[in-house]
Amino acid sequence: MTRSDDIIITSNGLGYITNSASHPESLVKPPMAPTAGEDTIEIKIEFGGGLHLLFSSQPTHKINIPRNIPNSEDGQPQPVNMRYLVKWMKSNLLSEREEMFGDGDGVRPGILVLINDADWELEGELEYELRDRDEVVFISTLHGG
């Protein structure tokens, strides 16, 4: 599909091309996909080792969260971090048995966390500042075999 001002040119897949001038019902342009604004970042979250069962049985989630959050001490904006993400996940994605995932502000022992394919212990764990398009993977090492 190509656009020329207000005329939309499409192919029917068989090589025949039509434009909106010959089909007035197609004058309405399709809506653009929503994009993250300047004040949000997109994070891809994946689950392995059976953890997806705690998150509506979906192994992958793409979420938008605020780029900055208020500092708990003085209320000034600070970059969003893993501490916020884990808390957000518990409130918004976790569908059952929080004790199987969370331990205080973090995750329970036995859950390996990777940030962009690196162990989160090397990245600062809960204090890691998330960036747009980061990929965070949670893998349970305590699953049956």
Side-chain angles (χ1 to χ4, degrees), residues 1-20 26-145:
M1 178 172 67
T2 61
R3 293 182 188 198
S4 173
D5 295 328
D6 286 317
I7 297 176
I8 300 173
I9 301 172
T10 61
S11 170
N12 66 358
L14 299 174
Y16 299 104
I17 298 175
T18 61
N19 64 43
S20 61
S26 65
L27 279 175
V28 178
K29 294 180 181 179
M32 299 299 285
T35 58
E38 288 183 20
D39 56 345
T40 63
I41 59 174
E42 181 180 280
I43 305 293
K44 181 179 179 183
I45 302 170
E46 294 184 33
F47 301 102
L51 276 178
H52 68 285
L53 298 172
L54 302 177
F55 294 88
S56 303
S57 295
Q58 293 183 4
T60 303
H61 296 263
K62 280 194 178 179
I63 63 166
N64 288 305
I65 57 174
R67 183 177 302 277
N68 294 299
I69 55 173
N71 186 330
S72 59
E73 296 169 9
D74 59 9
Q76 294 297 316
Q78 69 178 22
V80 67
N81 56 24
M82 282 295 295
R83 182 180 314 278
Y84 177 86
L85 177 65
V86 170
K87 182 178 177 182
W88 188 93
M89 289 171 56
K90 289 177 188 177
S91 299
N92 297 284
L93 292 181
L94 190 63
S95 59
E96 60 183 89
R97 302 196 56 186
E98 181 179 335
E99 72 277 3
M100 297 296 291
F101 178 73
D103 184 27
D105 284 346
V107 297
R108 68 180 287 179
I111 295 179
L112 174 64
V113 182
L114 302 175
I115 302 170
N116 300 320
D117 297 323
D119 190 331
W120 80 329
E121 291 179 1
L122 301 173
E123 301 290 343
E125 296 184 6
L126 292 171
E127 302 310 317
Y128 173 79
E129 294 178 0
L130 292 162
R131 291 171 280 166
D132 195 30
R133 308 234 190 271
D134 273 350
E135 294 183 11
V136 182
V137 180
F138 298 87
I139 303 170
S140 175
T141 60
L142 304 174
H143 54 85

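Just the heavy atoms: all of them, side chains too, but no hydrogens, waters or symmetry mates, feed the values below. Given the structure is predicted, the values throughout are model-derived calculations rather than measurements.
Shown here are the side-chain contact (heavy atoms from CB on, under 4.5 Å) partners of Asn71, two or more places apart in sequence or in another chain: Glu73, Asp74, Gln78. In this structure His52 satisfies the ring-ring contact (aromatic ring centres under 6.0 Å, His included) test with no other residue, sequence neighbours excluded.
Asn81 places a side-chain N or O within donor-acceptor distance of the main-chain N or O of Tyr84, the cut-off being under 3.5 Å. Judged by distance alone, with hydrogens and angles left aside, the side-chain atoms of Thr141 form a donor-acceptor pair with the main-chain N or O of Gly110 at under 3.5 Å.
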Full working for side-chain contact (heavy atoms from CB on, under 4.5 Å) between Ile139 and Ile111: CA-CA 5 Å; Ile139 303 170; Ile111 295 179; over 6 Å; no

Test side-chain contact (heavy atoms from CB on, under 4.5 Å) applied to Met82 and Glu125, step by step: CA-CA 7 Å; Met82 282 295 295; Glu125 296 184 6; over 6 Å; no

Worked verdict on Val86 versus Phe101 for side-chain contact (heavy atoms from CB on, under 4.5 Å): CA-CA 10 Å; Val86 170; Phe101 178 73; 4.3 Å; yes

Test ring pair (Phe, Tyr, Trp, His ring centres under 6.0 Å) applied to Phe138 and Phe55, step by step: CA-CA 11 Å; Phe138 298 87; Phe55 294 88; 7.4 Å; no

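Across Leu126, Val113, Leu112, Leu51, a single residue satisfies side chain to side chain contact (heavy atoms under 4.5 Å, CB included) together with Val107, and that is Val113. With Trp88 as the fixed residue, the side chain to side chain contact (heavy atoms under 4.5 Å, CB included) test singles out one of Leu93, Ile43, Leu94: Leu93.
Taken to the nearest 0.5 Å, the CG atom of Asn92 stands 11.0 Å off from the NZ atom of Lys87. We find the CD1-CD distance between Ile45 and Gln58 to be 11.0 Å, quoted to the nearest 0.5 Å. Note that CG of Leu130 is 5.0 Å distant from CD1 of Ile65, once rounded to the nearest 0.5 Å. Between atom CG of residue Asp134 and atom CD of residue Glu129 there is a gap of 11.0 Å, rounded to the nearest 0.5 Å. Atom CE of residue Met89 and atom NE2 of residue His61 lie 7.5 Å apart, to the nearest 0.5 angstrom. Summarising the geometry, atom CG belonging to Asn116 is positioned 12.5 Å from atom CZ belonging to Arg133; distances are rounded to the nearest 0.5 Å.
A salt bridge between Asp39 and Arg67 is absent, with no side-chain N of the basic residue lying under 4.0 Å from a carboxylate O of the acidic one. Here Lys44 does not pair with Glu42 in a salt bridge; the nearest charged N to carboxylate O distance is not below 4.0 Å.
Of all the heavy atoms in Pro70 and Gly75, the pair that sits closest is CB-O, 3.9 Å. Minimum interatomic distance between Ser56 and Ser95 (heavy atoms only, all atoms of both residues): N-OG, 3.0 Å.
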